[in-house]
2 protein chains.
Amino acid sequence: MESISNTEENYLKAIFKICETDDRAASTNAIAQEMQTSAASVSDMLKRLAKKQLIHYEKWKGVTLTDTGSQLATNLVRKHRLWEVFLKEKLQFTWDEVHEIAEQLEHIRSPKLIERLDQFLGHPKFDPHGDPIPDADGNFSYRKQIPLSSLKPGETGVIVGVQEHSPTFLQYLDRMKLVLGTRVRVMEQFEYDESVRLRVNDAQEILVSNKVSQNLFVEKAPPSSK
Amino acid sequence: MESISNTEENYLKAIFKICETDDRAASTNAIAQEMQTSAASVSDMLKRLAKKQLIHYEKWKGVTLTDTGSQLATNLVRKHRLWEVFLKEKLQFTWDEVHEIAEQLEHIRSPKLIERLDQFLGHPKFDPHGDPIPDADGNFSYRKQIPLSSLKPGETGVIVGVQEHSPTFLQYLDRMKLVLGTRVRVMEQFEYDESVRLRVNDAQEILVSNKVSQNLFVEKAPPSSK
DNA sequence: ATTTATTTTTAGATTAATCTAAACTTTAGT
DNA sequence: ACTAAAGTTTAGATTAATCTAAAAATAAAT
Ligand SMILES: [Mn+2]
Ligand SMILES: [Mn+2]
Ligand SMILES: [Mn+2]
Ligand SMILES: [Mn+2]
């Protein structure tokens, strides 16, 4: 049983992410972009991952994860997101700070540690960005979330996640008080630039751009009683 | 400003440990043994550490840490021991389990993380093995500890640390209820094999070998009032 | 159907970290 | 003082991971 390096783990995670969002084989270029490296380096690594039976790889065809590869990637996602919860809930980090540190913590190898951490955190189902945390068997919780941009005027939703994870976006959301759990009602939609006027938590109103409303996920809610 | 690899960090820690206990330049062989590697590998690495100005190195002479090297090593010790406290106090790991995981966690790079962790743990001064945790400035708490084997019959001490850190020794101590904070009075000392009979917490009596009493540190206590 | 552009792979080099075997220096024993 | 032993360094190879430049395959455009 060969052991797997941090770098290999990062490649698996990248492939997992690409296949998950686009739902097809990951191309060399896509992986190179995700990993911030050259296509040549990716080609090299793909050979190694294929030899270890972690990916299905045929030259010129792109790659998908094998079952073992997929399990490893899912476990990495689990670790990453649990650490993010830890950093936010126990160490008072903000949601724009946690990702970078979790990128390191996710590589700590100790199954017992991660199960204890999960228990310590109360078996959270979602991370600070609203992303689902797979359980020990690799099962994700699903949720019927839609982009805020798809709500029609008069409709209400609760913010449950973000599409984009950049610190600048998350900091913007903090400033606007558009955090997870916030209730937003679409008051008006401007055709011109597709910006929307929102009522936040049945209180103040703000205007957000289309870019913002496309990157926020909400769970549709029945109209507020008031 | 060159960055430092995990491997380099481990070498610094090894050198720190050797210089600390023996209080003289660390020899290539000593480092090789501590790092579980060959003397040749150590020689290679010493050149690199010297080039980075982390050690004072002259061929055939052995090495000592420079100020920056020493600072880095101390910070590693700080991180290692804080993580050990976390694992024991928050995640209910036993003191024989924490070291191995802390060996990984100590390499996480985030000054903010470690300060938050320190705060979360209530600024502990000692780790689960009774070893002092340096503060953010690198200052250690000292304590007048002596080996249990140096107590004379009739004298009493409180267990505050261990000399040896092997899981088997720590598990033995758990079994014997000789954990940190335990009060032990030397009842009788056998000249033949230098084993001692102890009264534990003013209650039951047990016999421990010389090897055990040499590897346990106690703080001398005034005789119990009873 | 050719040509052009894009994508992917190979070739050849580089760096960190390691190894074994051989050479060299220092220390210890007679 | 000389020789043997122990300790340390160099020489030469290897492996993971990366890079740039060049070649090859695929896709797109005329
Ligand atoms: Mn993240
Ligand atoms: Mn996240
Ligand atoms: Mn330890
Ligand atoms: Mn310790």
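Only this structure's heavy atoms are used, side chains among them; waters, hydrogens and symmetry mates stay out. Below, chain A is the first sequence line, B the second, and so on; all start at residue 1.
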side-chain contact (heavy atoms from CB on, under 4.5 Å) partners of A:Q71, counting only residues at least two apart:
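Scan of A:Q71 (side-chain contact (heavy atoms from CB on, under 4.5 Å), adjacent residues dropped) gives none.
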What residues, two or more places apart in sequence or in another chain, satisfy side-chain contact (heavy atoms from CB on, under 4.5 Å) together with B:E89?
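For B:E89 the side-chain contact (heavy atoms from CB on, under 4.5 Å) partners, ignoring immediate neighbours, are B:V85.
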Tabulate atom names and distances for all N/O pairs under 3.5 angstrom spanning the protein and nucleotides 2-4 of chain D.
none

Which residue pairs satisfy the side chain to side chain donor-acceptor pair (under 3.5 Å) criterion with at least one member in residues 165-176 of chain A, sequence neighbours excluded?
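Only A:W95-A:D174, A:D96-A:Q171, A:D131-A:H165, A:E164-A:S166, A:S166-A:T168 qualify under side chain to side chain donor-acceptor pair (under 3.5 Å).
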Which of these nucleotides, [options], is closest to any side-chain atom of [X]?
X: B:K47; options: D:dT8, D:dT10, C:dT9; value: D:dT10
X: A:N29; options: D:dT10, C:dT10, C:dT8; value: C:dT8
X: A:R48; options: D:dA17, D:dT18, C:dC19; value: D:dA17
X: A:S41; options: D:dT18, C:dC19, D:dT9; value: D:dT18

Is the phosphate of [N] approached by [X] (side-chain N or O, under 4.0 Å from OP1 or OP2)?
X: A:T28; N: C:dT7; value: no
X: A:K59; N: C:dT10; value: yes
X: B:T37; N: C:dT18; value: no
X: B:S5; N: C:dA17; value: yes
X: B:Y57; N: D:dT9; value: yes
X: B:S27; N: D:dG7; value: no

Rounded distance (Å) that lies between atom [atom2] of [N] and atom [atom1] of [X]:
X: B:D44; N: D:dG12; atom1: CG; atom2: C1'; value: 11 Å
X: A:Q36; N: D:dC19; atom1: CD; atom2: C1'; value: 15 Å
X: B:M45; N: D:dT10; atom1: CE; atom2: P; value: 16 Å
X: B:M35; N: C:dT18; atom1: CE; atom2: C1'; value: 11 Å
X: B:E34; N: D:dG7; atom1: CD; atom2: C1'; value: 18 Å
X: B:K61; N: D:dT9; atom1: NZ; atom2: P; value: 12 Å
X: A:E58; N: D:dA25; atom1: CD; atom2: P; value: 15 Å

Residues in contact with DNA chain C, drawn from residues 6-18 of chain A - heavy-atom cutoff 4.0 Å
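The stretch gives none, as no residue of it lies under 4.0 Å from the strand.
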A:Y11: what forms a ring-ring contact (aromatic ring centres under 6.0 Å, His included) with it, not counting sequence neighbours?
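In terms of ring-ring contact (aromatic ring centres under 6.0 Å, His included), with neighbours along the sequence ignored, A:Y11 is linked to no residue.
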Looking at A:F126, does the NZ or CZ of A:R81 lie under 6.0 angstrom from its six-membered ring centre and within 45 degrees of the ring axis?
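Geometry flag: not set, cation outside 6.0 Å or 45°.
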Can you sort out the partners of B:E115 under salt bridge (charged side-chain N to carboxylate O under 4.0 Å, His left out), two or more places apart, ordered by chain and number?
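Partners of B:E115 under the salt bridge (charged side-chain N to carboxylate O under 4.0 Å, His left out) test: B:R78.
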Considering residues at least two apart in sequence or located in another chain, which fulfil the salt bridge (charged side-chain N to carboxylate O under 4.0 Å, His left out) criterion with B:K13?
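Salt bridge (charged side-chain N to carboxylate O under 4.0 Å, His left out) check on B:K13 returns B:E103, B:E106.
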List the atom pairs, with distances to 0.1 Å, where a side-chain N or O of residues 47-56 of chain A and a protein N or O form a donor-acceptor pair under 3.5 Å, not counting sequence neighbours.
{"unit_1": "A:K52", "atom_1": "NZ", "unit_2": "A:S3", "atom_2": "O", "d": "2.9"}
{"unit_1": "A:K52", "atom_1": "NZ", "unit_2": "A:E8", "atom_2": "OE1", "d": "2.9"}
{"unit_1": "A:K52", "atom_1": "NZ", "unit_2": "A:E8", "atom_2": "OE2", "d": "3.0"}

Using nucleotides 21-25 of chain C, report all nitrogen or oxygen pairs with the protein that are shorter than 3.5 Å.
none

Residue pair B:H99 / B:H80, side-chain donor-acceptor N/O under 3.5 Å:
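Checked: B:H99/B:H80 side chains pair up, N/O donor to acceptor below 3.5 Å.
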Could you pull out every donor-acceptor pair under 3.5 Å between side chains of residues 25-36 of chain A and any protein atom, sequence neighbours left out?
{"unit_1": "A:S27", "atom_1": "OG", "unit_2": "A:A30", "atom_2": "N", "d": "3.1"}
{"unit_1": "A:E34", "atom_1": "OE2", "unit_2": "A:K17", "atom_2": "NZ", "d": "3.3"}

Parallel under 30°, tilted from 30 to 60°, perpendicular over 60°: which one fits the rings of B:F86 and A:W83?
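The arrangement is tilted - the two ring planes meet at 30° to 60°.
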Side-chain atoms of residues 210-218 of chain B: list all donor-acceptor pairs with protein atoms under 3.5 Å, sequence neighbours left out, distances to 0.1 Å.
{"unit_1": "B:S213", "atom_1": "OG", "unit_2": "B:N210", "atom_2": "O", "d": "3.2"}
{"unit_1": "B:N215", "atom_1": "ND2", "unit_2": "B:K211", "atom_2": "O", "d": "3.0"}

